[in-house]
Amino acid sequence: MTTGGTGRAGTVRDGAGRTAAAARVAAVLAGLLAGCAAPASPSARTSPSAAPSPTPPEVLCTRLVVHWAREVLGSGTYGDYQSMGLSNGQYEILRSVVDEARVEHKRRGPDAADESIRREARTGCAAWYRSGGPGAGAWR
């Protein structure tokens with residue numbers, strides 16, 4: 001093996017016997033490691049208050065129930081609660097919300113039904129999580 005020129009076909013070596021590919025890998029690693037260093041300025045650092053706060057479970061429940069209530073009201077059919085990503089308790093809330101929304105849709109139209117969905121989902125999820133949420137039963 002030689003210290004300059006080429007070794008295997010197509011492999012270019014520098015004077016110290018390193019391949020060009022190894023030099024590129026070293027350069028990339030050096031760049032990545034430099035990115036792990038402390039930020040250069042205080043403005044580049046993130047403060048703890050900049051981190052997003054977790055969404056409360058009753059809000060997530062409400063979003064899920066509202067989404068699926070609109071889907072069910074539009075299609076007229078329910079899916080399996082697990083395929084919807086709902087717990088059994090959330091599914092029970094969904095069924096109640098859809099029942100109420102159907103009444104409102106017949107009585108006052110689609111806008112009233114949508115308002116009913118949002119209101120009933122929020123109320124049902126808040127009550128469910130106030131009383132323990134999914135941890136309250138075997139499969140709730």
Check your understanding: Excluding sequence neighbours, so at least two apart, what forms side chain to side chain contact (heavy atoms under 4.5 Å, CB included) with Gln82?
Key -> Asp80
Exercise for review: Any side chain to side chain donor-acceptor pair (under 3.5 Å) involving residues 57-73? Give me the pairs, sequence neighbours left out, ordered by first then second residue.
Suggested key: Arg70-Asp114
Check your understanding: How long is the gap from CG on Leu64 to CG on Leu86, to the nearest 0.5 Å?
Key -> 5.5 Å
Point to revise | Closest non-hydrogen atom pair between Tyr81 and Ser87, with its separation | key: CD1-C, 3.8 Å
Check your understanding: Does the side chain to side chain contact (heavy atoms under 4.5 Å, CB included) test come out yes or no for Thr77 and Val72, once each step is laid out?
Key -> CA-CA 6 Å; Thr77 61; Val72 169; over 6 Å; no
Check your understanding: Who are the side chain to side chain contact (heavy atoms under 4.5 Å, CB included) partners of Asp111, not counting sequence neighbours?
Key -> none
Exercise for review: Could you walk me through whether Leu94 and Met84 pass side chain to side chain contact (heavy atoms under 4.5 Å, CB included), step by step?
Suggested key: CA-CA 11 Å; Leu94 170 67; Met84 295 176 163; 3.9 Å; yes
Check your understanding: Please, which pairs that meet disulfide (SG to SG under 2.5 Å) have at least one residue in residues 64-99, sequence neighbours excluded?
Key -> none
Practice item. Sorted by first residue and then second, give each disulfide (SG to SG under 2.5 Å) pair with at least one member in residues 68-110; sequence neighbours left out. Key: none
Study note, to complete from the structure: Nearest heavy-atom contact between Pro57 and Tyr129 is CB-CE2, 3.3 Å
Exercise for review: Could you note down all residue pairs passing disulfide (SG to SG under 2.5 Å) where residues 61-98 supplies at least one of them, sequence neighbours left out?
Suggested key: Cys61-Cys125
**Study point:** Side-chain heavy-atom pair Trp128, Gln90 within 4.5 angstrom cut-off
**Key:** yes
Practice item. Taking atom CZ of Arg118 as the centre, report whether more than 12 heavy atoms of other residues, nucleotides or ligands fall under 6.0 Å from it. Key: yes
In residues 97-107, what donor-acceptor pairs under 3.5 Å come from side-chain atoms, sequence neighbours left out?
from, atom 1, to, atom 2, distance (Å)
Glu104, OE1, Arg108, NH1, 3.0
Glu104, OE2, Arg107, NH1, 3.2

Exercise for review: Locate the shortest heavy-atom distance separating Ile93 from Gly124; write the atom from each residue and the value.
Suggested key: CD1-O, 3.6 Å
